[in-house]
Amino acid sequence: MAPVPFLPTAVTEEKTLKESFVRDEDERPKVPYNVFSDEIPVISLQGMDEEGGEGGQRSEICRQIVAACEDWGIFQVVDHGLDAELIASMTRLAREFFALPAEEKLRFDMSGGKKGGFIVSSHLQGEVVQDWREIVTYFSYPIHARDYTRAGQARGELACNLLSVLSELGLDREAVTQACIEMDQKLVVNSTQSARNLITLGLKRHTDPGPITLLLQDQVGGLQATGRGATWITVQPVQNAFVVNLGDHGHYLSNGRFKNADHQAVVNSNCSRLSIATFQNPAPEAVVYPLAVREGERPVMEKAITFAEMYRRKMSRDLELARLKKMAKSESKQEEAAGENAEAIGSAATKPKALNEILA
């Protein structure tokens, strides 16, 4: 019988953390998981479907969302219309899955290029440092070929409604969704375990690649974000609210007006944390380029590229930067000669990898 791979949920009495999960000092959390901030806007969507002219409720909701996207790229929505019982069922089933024995969870192992399932940390090959989490990924696309769960369909409708609000800024209402061609949807269920040593992260610092992400989190706390001032704050959990993250695609479509949310998830030594993220991504062939450039501005991109190419470049760059950082740290410890250092760093300029070589 093959040995069972290491799982964070299996850790109980260990006092030291496995080296592959240990973050460098500059990457470790500086703000505790439960020191909450109320700076992230909480926006009620009650009345969003009502037009009402300039003074209508939709106009006010649009104003609040735009301000949140400009300052943070992240906000929370309540009164969104999703069934509270459905949300509770999703959370319960997720907890039941992660509580299963390792052998049961590993029946759904998604390593080796599988399109969804269970895995530790992430689906990226060549991670220098792993995230302290277990995840289940469910790809619910293409739309026309997938029997959606009610949860996935409801979240997709909410995401498209929010994108339509962003489209109203001098564009046709459906401009953003049309730019995405056909929205793809991916659900990622995260279980971040408690850890005795707070020298790891449940999810490393990053921005999401797509236009918009919806996140349902429990009441534990641990999601952190930065504003334009780059200071970390811990997002206050709000019961049954969805956290909305604007991603890189949304940032480019707005010509940099909207911030792509810089965020991470930290661990604690007391209890596990559960979150369920819904990524609304454009089709691979969708064009990434500003939808409109205001007078006096310049495009934030030199030329248009496909979303697939943008995603490949982003993942490759993130992995390469982490690899170079690890290399530099190792070389410093070994006190190698300057010439050897230059040769090693110069060798990093390798042929760009294909997307299937980046994903596990």
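Inter-residue side-chain proximity for Gln236 and Ile40 is flagged as unmet; no heavy-atom pair is nearer than 4.5 Å. Phe242 places none of its side-chain heavy atoms less than 4.5 Å from the side chain of Ile276. With a 4.5 Å cut-off on side-chain heavy atoms, Val188 and Ile135 count as touching. For the pair Val243 and Leu223, the minimum side-chain heavy-atom distance is below 4.5 Å. Counting heavy atoms from C-beta outward, Leu319 and Arg323 have side chains that stay 4.5 Å or more apart. In this structure, Asp318 and Arg205 have side chains that are not in contact, with every pair of non-hydrogen atoms separated by 4.5 Å or more. For the pair Ile199/Arg23, no side-chain contact is recorded, criterion being any heavy-atom separation below 4.5 Å from C-beta on. Residues Leu7 and Val120 have side chains in contact (heavy-atom distance under 4.5 Å, counting atoms from C-beta outward).
For Lys204 and Ser122, the side-chain atoms include no donor-acceptor pair closer than 3.5 Å. Of the N and O atoms on the side chains of Asn260 and Asp248, at least one donor lies less than 3.5 Å from an acceptor on the other residue. A side-chain donor from one of Ser44 and Asp79 sits under 3.5 Å from a side-chain acceptor of the other. A donor-acceptor contact closer than 3.5 angstrom is absent between the side chains of Ser272 and Gln193. Counting only N and O atoms by type, the side chains of Glu285 and Thr306 include no donor and acceptor under 3.5 Å apart.
Here Lys30 contributes atom NZ and Gln224 contributes atom CD; the two are 10.0 Å apart, rounded to the nearest 0.5 Å. Atom NZ of Lys105 sits about 12.5 Å away from atom CG of Asp109, to the nearest 0.5 Å. Taken to the nearest 0.5 Å, the CG atom of Asp262 stands 7.0 Å off from the OG1 atom of Thr207. For the atom pair CG of Leu246 and CD1 of Ile74, the computed distance is 10.5 Å after rounding to the nearest 0.5 Å. The distance from atom CE of Met301 to atom OH of Tyr289, rounded to the nearest 0.5 Å, is 8.0 Å. Remark: Arg273 CZ to Arg133 CZ distance equals 10.5 Å, nearest 0.5 Å.
Without hydrogens or angle criteria, His263 side chain to Ala261 main chain gives a donor-acceptor distance under 3.5 Å. Between the side chain of Asn34 and the backbone N or O of Gly221, no donor-acceptor pair lies under 3.5 Å. Put simply, the side chain of Asp83 gets close to the backbone of Glu85: a donor and an acceptor are under 3.5 Å apart. Side chain of Ser121 to main chain of Asp131: a donor-acceptor pair is present (N/O by atom type, distance under 3.5 Å, no hydrogens or angles). For the pair Gln64 (side chain) and Ile61 (backbone), a donor-acceptor distance under 3.5 Å is absent.
Electrostatic pairing of Glu70 and Arg257 counts as a salt bridge here, judged by a charged N lying under 4.0 Å from a carboxylate O. A salt bridge between Arg313 and Glu309 is present, with a side-chain N of the basic residue lying under 4.0 Å from a carboxylate O of the acidic one. Remark: Glu320 does not engage Arg317 in a salt bridge, criterion side-chain N to carboxylate O under 4.0 Å.
Linking ILVMFWY residues whenever their side-chain heavy atoms come closer than 4.5 Å, directly or via other members, leaves Leu17 and Val129 in distinct clusters. In the hydrophobic clustering of this structure, Phe36 does not group with Ile233; members are Ile, Leu, Val, Met, Phe, Trp, Tyr whose side-chain heavy atoms approach within less than 4.5 Å, directly or through other members. Linking ILVMFWY side-chain heavy atoms closer than 4.5 Å, directly or via other members, places Leu203 and Leu198 in two distinct hydrophobic clusters. Note on Val235: it does not cluster hydrophobically with Val220, by side-chain heavy-atom contacts below 4.5 Å among ILVMFWY residues. Hydrophobic clustering keeps Leu45 apart from Val238 (ILVMFWY residues linked when any side-chain heavy atoms are closer than 4.5 Å, directly or through intermediates).
Under the side-chain hydrogen bond (donor to acceptor under 3.5 Å, both in side chains) rule, Ser275 has a single partner from Thr91, Asp218, Asn190, which is Asn190. When each of Gln185, His249, Lys186 is tested with Gln280 by the rule side-chain hydrogen bond (donor to acceptor under 3.5 Å, both in side chains), just one qualifies, namely Gln185.
Few gaps surround CD on Gln219; more than 12 heavy atoms of other groups in view lie less than 6.0 Å from it. Heavy-atom contacts from other residues, nucleotides or ligands closer than 6.0 Å to CZ of Arg298 number 12 or fewer.
Below 30°, between 30° and 60°, or above 60°: for Phe98 and Phe118 the angle between ring planes is between 30° and 60°, a tilted geometry.
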Worked verdict on Asn270 versus Tyr33 for side-chain hydrogen bond (donor to acceptor under 3.5 Å, both in side chains): CA-CA 11 Å; Asn270 299 315; Tyr33 78 101; 3.1 Å; yes
Using the rule given for salt bridge (Lys or Arg N to Asp or Glu O under 4.0 Å), can you reason through Glu103 versus Arg107, listing the C-alpha separation, both sets of side-chain angles and the distance that settles it, and then say yes or no? CA-CA 7 Å; Glu103 293 81 358; Arg107 289 174 53 203; over 6 Å; no
